[in-house]
Amino acid sequence: MIMSKCKDFLRSIVEEDLKSGKYREVATRFPPEPNGFPHIGHAKSICINFGIADDYQGHCNLRMDDTNPTTEDTKYVEALKDAVEWLGFDWGSSVYFTSDYFLQLYDYAVKLIKMGKAYVDSLDEEEIREYRGTITEHGRRSKYADRTIEENLNLLERMKKGEFKDGEHVLRAKIDMAAANIKMRDPLLYRIRNIKHFRTGDEWSIYPMYDFAHCLSDYIEGISHSICTLEFENNRAIYDWVLDELGLELPRPYQYEFARLAINYTVMSKRKLLKLVDGGQVSGWDDPRLPTIAGYKRRGYTPASILNFCDQIGITKANSMVDVSQLEFCIRDDLNKQVPRAMCVLDPLKVTIENYDGYEDIDASYYPHDVPKEGSRKIPFSKEIYIEREDFIEKPPKGYFRLTMEQPVRLRHAYIITCKEVIRDTSGNIIEIKAEYHPKSKSGLDTSGIKVKSAIQWVSAKEAKKVEVRLYDRLFSAELPEGVEDLNPNSLQVIKNALIEPAVIADRPDERFQFERQGYFYADPIDYRDEKPVFNKIVSLKDSWSKKKKENNSEPRAQTTTIQIDGEVAPMNEAEQTLFDKYTQKYGLNSEVANTLARDEQLSSFYEESLSILSSPVSLANIVSNEVARELKQMEVKELKFTAKHISELVKMLDDDTISNKIAKQVFEVMVKTGKTPIQIVEDKRLIQISDPSEIEPIIDKVIANNPDNVAKFKAGNSKLLGFFVGQVLKSTGGKANPKIVNQLVAKKLQ
RNA sequence: UGGGGCGUGGCCAAGCGGUAAGGCACUGGUUUUUGGUACCAGUAUUCGGGGGUUCGAAUCCCUCCGCCCCAUCCA
């Protein structure tokens, strides 16, 4: 596999963990719940999980997360397996099921109870919800939380045996009903479901909840990186809690989240998809308009195109909406290089070539000059042919390249024709064109000297085969569809009597074709019959003509400028205000720095302390409010490896001009990590700054000599490049050159 | 008592203190017997806004704004 240059954040984490020896081998998993057909969002997840495993010589398990027997079914298991296989991934010798771990999971639950970390709660559903509290209010603990370990054990055992009705009891973790993260307010671990499970049958009356089952299943399988979507971020706390409380032998898995895929003009949630399937708006889970893997497969998308798409969209934590055109590009890009071209007329208009009598077979390559593949077919040519209705216009708009009364056109692979006469029916519709062909204009042997602007597809009337063509368009007309009201009424157009050149049907050189000038099509894997061929449109070709036409009658979109309203800054309390006044008035700090310091108790006391050692209020304030503040975001003052004394020492050197700001940052970094004193660090690394121009100038000369292009650009007015040169000089002195001096010198030399 | 995330062109997305990558889309042009493909060129003086630190900030600090997720016995 070719690795792209830019690693995504997950791969960066995996690489680090492998390097540090946290894991010997990377192990991921793709853990769908078998309660629906997988869609392209799953494909993204599949690519991530299997892709990472492949990239780092690890493995990825396919695991059915089948903990909720009420919605799950074995038919979905099959669909999931199909999807993974179709995309080309290998899940090894067997598919995993969470249900295979039910016994182990139960044992872990017992262990938690014995540790006093879990209890059987007997509140009803509504009470549990009420007790949980809200976003802004604490929850309160159930009175049942005080049950003894024996009681809990006994109850759980009986729950398992099926002695209770659904909802009578649940098992909950004993964490913290006041947690700001609502997920941590004693989450449910098990619930009673007296229902048959599609794999375990009636063996169990209780089923583990996601939060309990998932982390432990990962652990049981030896997963290293448990990758899921963003909405599980809050659940990570439980994931960690369960694994940590159980005191399991390390290594244990960690959870990481990425943003799920969204594409415009479609829906991706299983709920909405199921609604379309059940509601009959689509023909099934494999309806070619659906973003399901089965749908794309049926429509004619290739696995490679989906894989490529997943690669192109990247992996991040930012919620985003990918444009369908990105997907469409991927399938066109893939098919362009490999499928045979053929001619198919969707909306036939009869053309009689009056000066042609007889018949010939024209030999034509299946591939255009820029596709390096071999293969050709015979195309019958005769007096009566059909062309596409829209390839003739009596009164053409400007820029129309096809057949008109005055403008000849080439019949692809064949002759040039000229329109002689238009035949109409009684209501004035054009029903036929009488034309003449130019005998010397045969494709490849053209000596006619006639110039045409385009070549159009056609079929010979007698030999053409009738086919059904299903034209698919986006399912929804709204970019962000809400429901059925946003459905595109024209998402499916069935053309029963399209005409196709016979070789496509007789020889079937492929399953996918480009119907020239129209798009890519796929022989429907289910409905296609030799006597009644059916083709699905996969995607249109790009069409700059229709775009141009549309442009003429569409207004440019109005620019939206968002005005940003500034909120009010929280007022300072009295003590903060006093400090602020002191900092600005007595020490001469600017208000921003004073503000940062005054509002943070830790920072201000740190500042005061360092100020008592070194009387340099402004420099100290700058370092404390910027660098120290950053460290204090991660930890408490007492956890810091450095003290106010270190900082004043650092600032002293800065004030002395012994070191530059740039060096100070380096020193600070080392100090944070090691706790060494700044003086020590400067000595160790010989970080004294170089300010002597005679020492710096030769380096500048060298940089200038090495970058003639950039010198030219700079002189041409690209003043941003000054930073580039300064940077280069700084780099070659290990950051030791005095940047102020370098800046002056570089500016002077480049004048 | 709220918490957790996220903001870089029209859409994705690199970048992590030293010249704002790349892809899609778009616009021109070249090639072309597909108005396709391929190729070339163009498109962000600026990274949600405002301040601050720095010789230098998309990157560090402060602050404000805007989105998303969480109160299923779903996953």
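Hydrogens, waters and symmetry mates are skipped; everything else that's a heavy atom, side chains included, is used. Letters go in sequence order (proteins before strands), and every chain restarts at 1.
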[options]: which one has an atom nearest the side-chain heavy atoms of [X]?
{"X": "A/R402", "options": "B/rC55, B/rU53, B/rG35", "result": "B/rG35"}
{"X": "A/R332", "options": "B/rA25, B/rG5, B/rU34", "result": "B/rA25"}
{"X": "A/S320", "options": "B/rC55, B/rA13, B/rU37", "result": "B/rA13"}
{"X": "A/D333", "options": "B/rC55, B/rC11, B/rA38", "result": "B/rA38"}
{"X": "A/D370", "options": "B/rU54, B/rU34, B/rG36", "result": "B/rG36"}
{"X": "A/A455", "options": "B/rA25, B/rC11, B/rU33", "result": "B/rU33"}

Indicate, yes or no, whether a donor-acceptor pair under 3.5 Å links the base of B/rU34 to the side chain of A/R517.
-> no

Side chain of A/Q457, base of B/rU34: donor and acceptor closer than 3.5 Å?
-> no

Under the rule for side chain to side chain contact (heavy atoms under 4.5 Å, CB included), what residues qualify as partners of [X], not counting sequence neighbours?
{"X": "A/D211", "value": "A/N235, A/I238"}
{"X": "A/S12", "value": "A/K7"}
{"X": "A/K542", "value": "A/R332, A/K547"}

Nucleotide by nucleotide, 5' to 3', does protein get under 4.0 Å of the base (B), only the sugar-phosphate (S), or neither (-) in nucleotides 67-75 of chain B, counting heavy atoms?
-> -SBBBSBSB

[X]: ring-ring contact (aromatic ring centres under 6.0 Å, His included) partners, not counting sequence neighbours:
{"X": "A/Y415", "answer": "A/F381, A/Y437"}
{"X": "A/H214", "answer": "A/Y210"}
{"X": "A/Y239", "answer": "none"}
{"X": "A/F724", "answer": "none"}

Considering residues at least two apart in sequence or located in another chain, which fulfil the salt bridge (charged side-chain N to carboxylate O under 4.0 Å, His left out) criterion with A/R172?
-> A/D121

In whole angstroms, how far is the C1' atom of B/rU63 from the CE atom of A/M572?
-> 11 Å

A/Q326 near the nucleic acid: base, sugar-phosphate alone, or nothing, with a heavy-atom cut-off under 4.0 Å?
->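 Base contact.
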
Contact class for A/K442 (heavy atom, under 4.0 Å): base, sugar-phosphate, or nothing?
-> base

Of all of residues 740-748 of chain A, which get a heavy atom below 4.0 angstrom from RNA chain B, listed by number?
-> A/K740, A/N743

Side chains of A/L597 and A/V593: closer than 4.5 Å at any heavy-atom pair?
->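 A/L597 vs A/V593: side chains touch.
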
Throw together a table of side-chain donor-acceptor distances under 3.5 angstrom for residues 733-748 of chain A, partners on residues two or more places apart or in other chains.
residue	atom	partner	partner atom	Å
A/T733	OG1	A/V729	O	3.3
A/T733	OG1	A/L730	O	2.9
A/T733	OG1	A/K736	N	3.4
A/T733	OG1	A/A737	N	3.1
A/K736	NZ	A/R686	O	3.2
A/N738	OD1	A/K740	N	3.0
A/N738	ND2	A/S691	OG	3.1

List, with names and distances, any nitrogen or oxygen atoms from the protein found under 3.5 Å away from nitrogen or oxygen atoms belonging to nucleotides 57-60 of chain B.
residue	atom	partner	partner atom	Å
B/rC60	O2'	A/R630	NH1	2.4

Would you give the length of the straight line joining atom CE of A/M184 to atom CG of A/N234, rounded to the nearest 0.5 angstrom?
->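 It comes to 10.5 Å.
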
